[in-house]
Q: 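Quick one: structure below, then a few questions.
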Protein chains: 2
Amino acid sequence: MNVDQRLLRLARQPYADKHTQSIWMQIYDRLGEAVESGLLPEGSRLPGEDDLASMFGVTRVTLRRALSLLQHEGRLVSRKGVGVFVRSISVRYEVRETEAFNMALNGADSRMDALSLVRKPASADAAEALGLKSGEEVTEVRFIQHAQSTPYYYAVKEFPVSVMPEFARDYEKTGSILGAYAAAGIESYLRTETRITGDFATEEEADLLHISRQAPVLRSRSVNEDNTGRAIEYNRGCWPMLSVELVFNNKTPFA
Amino acid sequence: MNVDQRLLRLARQPYADKHTQSIWMQIYDRLGEAVESGLLPEGSRLPGEDDLASMFGVTRVTLRRALSLLQHEGRLVSRKGVGVFVRSISVRYEVRETEAFNMALNGADSRMDALSLVRKPASADAAEALGLKSGEEVTEVRFIQHAQSTPYYYAVKEFPVSVMPEFARDYEKTGSILGAYAAAGIESYLRTETRITGDFATEEEADLLHISRQAPVLRSRSVNEDNTGRAIEYNRGCWPMLSVELVFNNKTPFA
DNA sequence: TAGTGGTCTAGACCACTCG
DNA sequence: GAGTGGTCTAGACCACTAA
């Protein structure tokens, strides 16, 4: 029995009393289960909306309410003119903030790719957090991180030029941020503050992370200092909300 | 000029090209601005959907797409048979995780109310996090926190009976958790681990926090230990996603 | 060019809330 | 009973994508 047939059987199950739970909610539940059970595997394309609507015995409008919620949750992604696809949220990556850059990933095929690297005046946010003078320059690097060929983290980092004047060269040579730190004479550092908020994806983030616009994300803004207390990095990152669990450990007892 | 008139003027502004941005998105933007600008104050009721639809010159269905997104974001709340209301997200509360219980609030009228206090076997989650034996009992306390008479934090705390056998009495007497700690001989403690995730509100959470079901929330799960390393509390909390900023500070340098 | 998802309409019925 | 938000339909037109 192929996927379409099994999906059809799922769709054709009788609905519970409409007044108990709305039809579109029941469709939402069934499609969600289909994704979680693996009937609709990660990355696979759903039948067209007209087909789905007739399978579930409803109008396209009603069907779309179910799809729409699944998209807002970041579980499905639609591409205009192409189709609706399953976005994996089966894994929830654990990110240990104390490990700073080395995010703990289950799989080994994790890549952190630099999208761009430019020298420019610090953003207002970074200038304040790093205590920079107005107009002071930074090296800004945009990163995207994948796991199992799904993007799940997007970050913009700013490194003061005054601290690491040759960041671009050093990063190029060593291929890692820690390498660039070391090349600038920074052997140890401290992530002094991390601020976490929830928000909705911007258009750029939605594109890069393969989620819908308006899908919720977790944002992190953090500052790194070297062991002399000098601010060396400002980082803004975001994850699709359901894709990550942030873990903070603490060793400092309270009074 | 009253609110309805000013809202009408906002609604009657010509729409940008439909192909640039959809009508419902433009309505969404305008209503969002109306909330942020204070034209629609916190807690106020919007005109009925029929009225709004005719004000904006669209069908109720189209208008509802705008309202629906604002509700998913936790900025509006609807009450069936009553109306649609503005939920304040103008403030984003800063919660310093290192201060554990004493959340930094701008205003002074913050209350932490206990909803229930019962003795029962530890939840599976808590038992694992606290290292309890199967079936071991805890005192479970459910809290809701308000600021400016808006609920913005809901927490379920579990305290092992083996550590604080008289928690209920001590909490009653002192009126605070720290008081109950002290009464049990715990003078200092350590929030050893905090795990942050994003999720969607359950029905109970949506009710208590005055947000829509399916509105995103930030969840925190944390463990407190006393200065001998004994686990004394397991806490599960959640905030409406847009209402909070979590701040973590770190004093431990990396290797 | 055919198929896809995105938008919008006009109208209907319902359950819920409150006076 | 009057007004509210919640649901659903049947049909239409559009822009985008890929073959």
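Letters go in sequence order (proteins before strands), and every chain restarts at 1.
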Q: Using heavy atoms to find the nearest nucleotide of DNA chain D for Lys80(A) and Trp24(A) separately, return the residue whose nucleotide is more 5′.
A: Trp24(A)

Q: Would you mind writing out the side-chain donor-acceptor pairs for residues 51-63 of chain B within the sub-3.5 Å range, not counting sequence neighbours?
A:
from     : atom 1 : to       : atom 2 : distance (Å)
Ser54(B) : OG     : Asp51(B) : O      : 3.1
Arg60(B) : NE     : Glu49(B) : OE1    : 2.9
Arg60(B) : NH2    : Glu49(B) : OE1    : 3.1

Q: Scan residues 24-47 of chain A for pairs that pass ring pair (Phe, Tyr, Trp, His ring centres under 6.0 Å), counting only residues two or more places apart or in two chains.
A: none

Q: Can you check the Phe85(B) CZ to dG5(D) C1' distance for me, whole Å?
A: 11 Å

Q: How many Å lie between CG on Leu70(A) and C1' on dG5(C), as a whole number?
A: 16 Å

Q: By side-chain hydrogen bond (donor to acceptor under 3.5 Å, both in side chains), which residues pair with Glu128(A), not counting sequence neighbours?
A: none

Q: Taking CD from Gln71(A) and P from dG5(C), how many angstroms apart are they, rounded to a whole number?
A: 10 Å

Q: Does Tyr234(A) have any ring pair (Phe, Tyr, Trp, His ring centres under 6.0 Å) partners at least two apart in sequence or in another chain, and if so, which?
A: none

Q: Applying salt bridge (charged side-chain N to carboxylate O under 4.0 Å, His left out), name anything that partners Arg30(B), two or more places apart in sequence or on another chain.
A: none

Q: Considering just the side-chain nitrogens and oxygens of Arg64(B), establish if one lies under 4.0 Å of OP1 or OP2 belonging to dG6(D).
A: yes

Q: Can you check the Leu69(B) CG to dT7(C) P distance for me, whole Å?
A: 11 Å

Q: So, Ser116(B) versus Arg142(B): side-chain donor-acceptor pair below 3.5 Å or not?
A: yes

Q: Taking salt bridge (charged side-chain N to carboxylate O under 4.0 Å, His left out) as the test, write out the residues that go with Lys120(B), two or more places apart.
A: Glu140(B)

Q: When rounded to the nearest 0.5 angstrom, what distance separates CD1 in Ile211(B) from NE2 in His72(B)?
A: 11.0 Å

Q: Going by number, which of residues 43-53 of chain A have a non-hydrogen atom under 4.0 Å from DNA chain C?
A: Arg45(A), Gly48(A), Glu49(A)

Q: With a 4.0 Å limit, can you tell me whether Arg79(A) has a side-chain N or O closer than that to the phosphate oxygens OP1/OP2 of dT4(C)?
A: no

Q: Just the table, please: protein N/O against nucleotides 9-11 of chain C N/O, every pair under 3.5 Å.
A:
from   : atom 1 : to       : atom 2 : distance (Å)
dT9(C) : OP2    : Thr59(B) : N      : 3.0
dT9(C) : OP2    : Thr59(B) : OG1    : 2.8
dT9(C) : OP2    : Thr62(B) : OG1    : 2.5
dT9(C) : O5'    : Thr59(B) : OG1    : 2.9

Q: Take the protein atom CD1 of Ile23(B) and the nucleotide atom P of dC14(D), then report the distance between them rounded to whole Å.
A: 14 Å

Q: Taking 4.0 Å as the cut-off, does a side-chain nitrogen or oxygen of Ser78(A) come that near to OP1 or OP2 on dG6(C)?
A: yes

Q: Mind calculating the distance between CE (Met25(B)) and P (dC8(C)) to the nearest angstrom?
A: 11 Å

Q: In chain order, what residues pass the salt bridge (charged side-chain N to carboxylate O under 4.0 Å, His left out) check against Arg119(A), with sequence neighbours excluded?
A: Glu137(A)

Q: Starting at atom CZ of Arg65(A), determine the distance to atom P of dG6(C), rounded to an integer number of angstrom.
A: 16 Å

